[in-house]
**Student:** 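Structure incoming, see below.
If you're wondering where the values come from, they're calculated on a predicted model, not measured in any experiment.
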Amino acid sequence: MKFIDLDRQYQAYKAEIDRSIHDVLNSGQFILGENVSQLEGELSEFVGAKYGIGVSSGTDALILALMALDIGPGQEVITTPFTFFATAEVVSLVGARPVFVDIDPVNFNIDPLALETVLEERVRAGATVKAVLPVSLFGQCPDMDMICAISRRYDIPVIEDGCQSFGATYKDRRSCGLSEIGVTSFFPSKPLGGYGDGGMIFTHSQELAGRIKMLRNHGQKDRYVHAYIGLNARLDEIQAAVIHVKFRHFMEELKARKDAAERYDALIKELTPWIKPPTIAAHGSSVYAQYTIRIPGGKRDFVVNHLAQRGIPVAVHYPLPLHFQPALKYLGYVAGDFPQAEQAADEVLSLPMHPFITLQEQEQIIKALKDALEQGT
Ligand SMILES: Cc1ncc(COP(=O)(O)O)c(C=O)c1O
């Protein structure tokens, strides 16, 4: 059994994927060709953004978003401490300071009320807060309207890290099209993944789109004329061709993910004295990049070991909140600063989740989970 079974997906679309890769090989055009521009058009329309810019990874998408907003030393970006490291890493990388706000324990996303308090406090303290960077963790969005309304009061743009939530809905709109900038990742295991690294930036602003297009290509304005110091951070044609094929099947896959989550929800009911299933906020839908439960009472690590011994692949997203990461120690946060994020890191467990998972596999997983919980009590 695999945590995310990409083999089954490849076998299902093999003929189409192989053909599209061969078409790129035969075209001789590997960088910034038709496949990338077609995909940019298709995906930006899907998320309801005016522009889509294909880039080399979700991490590079975040870096380019920060660069396009001219964010750097002496400035702050407010984000969550409970996410993949890249979210805060990029803020430090451009020389700015990540400022953390605790999460809502129900959906693991940044708590908008806590954001309001911290933003007000940082502005009052004279800090230059240049962006708010919420993450749509595990496949569902936080309350983006509330986050945007709070940020707008201070004229601060919102960058949605939608690396785990491409396809998710929020009040009948799509993740990545909900704020000034939205970014996503096409890392192979993401809901919409390629066969390598890739990402996309979405925006409604012509000015930002123009700048990001230059920044992803060495800041180049015209051939060999460089307006900005930029990066080589382009999406390549082979990845775009693969993602284009997978996007044809994306809506069916989202339905299959939702069905799988509902099967887990039903199977897991009998375990609810021990575990908490995922909660999806009423404002939207999840794409279940992860199906993440909570195991309170200090039993999570016992369960992980028990499942590993029985060949059930599970994962902990994430064992360390970002203020505990060695590389971010310099920020000066201490234990107890973000109690919800710290507790989540001790309790979360992600179960195998992908569109091709079967009921039999899910029954096997839940049975092993039940055994582990019974032995652990
Ligand atoms: C929340 C989040 N942000 C950023 C990233 C970085 O994306 P990538 O791996 O494509 O650089 C990821 C994915 O790994 C992620 O899950």
**Student:** So, D259 and K255, do they make that salt bridge, N to O below 4.0 Å?
**Tutor:**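 A salt bridge is present here (some side-chain N lies under 4.0 Å from a carboxylate O).
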
**Student:** Between R294 (side chain only) and P105 (backbone N and O only), is there a donor and an acceptor less than 3.5 Å apart?
**Tutor:**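 Yes, because the side chain of R294 sits within donor-acceptor range (under 3.5 Å) of the backbone of P105.
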
**Student:** Would you call E116-R153 a salt bridge at under 4.0 Å N-O?
**Tutor:**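 Salt bridge flag = yes for R153 with E116.
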
**Student:** Compare all side-chain heavy atoms of L328 with those of F85 and state whether any distance is below 4.5 angstrom.
**Tutor:**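 When only atoms from C-beta onward are counted, F85 and L328 do touch, with a gap below 4.5 Å.
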
**Student:** Can you check whether V36's main-chain N or O pairs, donor with acceptor, with E237's side chain at less than 3.5 Å?
**Tutor:**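 Yes, E237 side chain to V36 backbone: donor-acceptor pair under 3.5 Å.
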
**Student:** Fit a plane to each ring of H249 and Y13, take the angle between them on a 0 to 90° scale, and name the class: parallel (under 30°), tilted (30 to 60°) or perpendicular (over 60°).
**Tutor:**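 Rings of H249 and Y13: parallel, under 30°.
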
**Student:** Please find the pair of heavy atoms, one from L133 and one from T87, that lie closest to each other, and give the distance.
**Tutor:**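 Nearest pair, atom of L133 first, then T87: CD2-O, 3.5 Å.
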
**Student:** Enumerate the salt bridge (charged side-chain N to carboxylate O under 4.0 Å, His left out) contacts for residues 199-221, please, sequence neighbours excluded, ordered by first and then second residue.
**Tutor:**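 Applying salt bridge (charged side-chain N to carboxylate O under 4.0 Å, His left out) to every pair that reaches into residues 199-221, excluding sequence neighbours, yields E40-R216, E207-R211.
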
**Student:** Go through the steps to decide whether E180 and S205 satisfy the test side chain to side chain donor-acceptor pair (under 3.5 Å), and finish with yes or no.
**Tutor:** CA-CA 7 Å; E180 281 80 356; S205 155; over 6 Å; no

**Student:** Should the pair D371-K367 be classified as a salt bridge under the 4.0 Å nitrogen-to-oxygen rule?
**Tutor:**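 Salt bridge between D371 and K367, a charged N being under 4.0 Å from a carboxylate O: yes.
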
**Student:** Scan residues 114-145 for pairs that pass ring pair (Phe, Tyr, Trp, His ring centres under 6.0 Å), counting only residues two or more places apart or in two chains.
**Tutor:**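 Applying ring pair (Phe, Tyr, Trp, His ring centres under 6.0 Å) to every pair that reaches into residues 114-145, excluding sequence neighbours, yields F108-F138.
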
**Student:** Any carboxylate oxygen within less than 4.0 angstrom of a Lys/Arg side-chain nitrogen, looking at R257 and E253?
**Tutor:**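 Looking at E253 together with R257, the answer is no, because their closest N to O distance does not fall below 4.0 Å.
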
**Student:** Given 3.5 Å as the limit, does a donor-acceptor pair link the side chain of R97 with the main chain of L331, or not?
**Tutor:**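 Checked: pair present.
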
**Student:** Can you find a heavy atom in the side chain of P277 that is under 4.5 Å from one in the side chain of Y291?
**Tutor:**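 In short, these two side chains touch, coming nearer than 4.5 Å.
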
**Student:** Check whether more than 12 heavy atoms from other residues, nucleotides or ligands sit under 6.0 Å from atom CD of E374, and answer yes or no.
**Tutor:**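 It does: E374 CD has more than 12 such atoms within range.
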
**Student:** Can you tell me if T117 uses its side chain to pair, donor with acceptor, with the backbone of L113 under 3.5 Å?
**Tutor:**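 Yes; at least one donor-acceptor contact below 3.5 Å.
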
**Student:** Hey, is the main chain of A345 close enough, under 3.5 Å, to the side chain of R300 for a donor-acceptor pair?
**Tutor:**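 Flag set: sc R300 to bb A345 pair under 3.5 Å.
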
**Student:** Side-chain contact, heavy-atom cut-off 4.5 Å: D60 with I63?
**Tutor:**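 The answer is yes; the side chains approach within 4.5 Å.
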
**Student:** Can you classify the ring geometry of H306 versus F302 as parallel (below 30°), tilted (30 to 60°) or perpendicular (above 60°)?
**Tutor:**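 Aromatic pair H306/F302 classed tilted.
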
**Student:** Decide yes or no for E42 and Q38: does some side-chain heavy atom of the first lie under 4.5 Å from some side-chain heavy atom of the second?
**Tutor:**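 Heavy-atom side-chain distance check fails, nothing below 4.5 Å.
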
**Student:** Do side-chain atoms of Y170 reach the backbone of D145 as a donor and acceptor pair under 3.5 angstrom?
**Tutor:**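 Indeed, once roles are kept as given, a pair shorter than 3.5 Å links the two residues.
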
**Student:** Parallel, tilted or perpendicular: which fits the ring planes of Y318 and F82, with parallel below 30° and perpendicular above 60°?
**Tutor:**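 Aromatic pair Y318/F82 classed perpendicular.
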
**Student:** Are the side chain of S136 and the backbone of G162 linked by a donor-acceptor contact shorter than 3.5 Å?
**Tutor:**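 No, because the side chain of S136 does not come within donor-acceptor range (under 3.5 Å) of the backbone of G162.
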
**Student:** Kindly compute the distance separating CG (L93) from OG1 (T59), expressed to the nearest 0.5 Å.
**Tutor:**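 Nearest 0.5 Å value for the CG-OG1 distance: 10.0 Å.
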
**Student:** Linking I/L/V/M/F/W/Y whenever any side-chain heavy atoms sit under 4.5 Å apart, do V348 and F324 land together?
**Tutor:**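 Result: no, two separate clusters.
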
**Student:** Side chains of I110 and D104: closer than 4.5 Å at any heavy-atom pair?
**Tutor:**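 With C-beta onward as the side chain, the pair stays apart.
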
**Student:** Using side-chain contact (heavy atoms from CB on, under 4.5 Å) as the criterion, point out the one residue from E160, K190, Q140, R174 that pairs with S165.
**Tutor:**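 Filter result, single survivor: E160.
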
**Student:** Ignoring hydrogens and angles, tell me if any N or O in the side chain of D197 forms a donor-acceptor pair with the backbone of S57 under 3.5 Å.
**Tutor:**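 Checked: no pair found.
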
**Student:** Side chains of F202 and T184: closer than 4.5 Å at any heavy-atom pair?
**Tutor:**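 The answer is yes, as the side chains (C-beta and beyond) meet within the 4.5 Å cut-off.
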
**Student:** Sub-3.5 Å donor-acceptor pair from the side chain of E342 to the main-chain atoms of F338, do we have one?
**Tutor:**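 Looks like yes, one N/O pair under 3.5 Å.
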
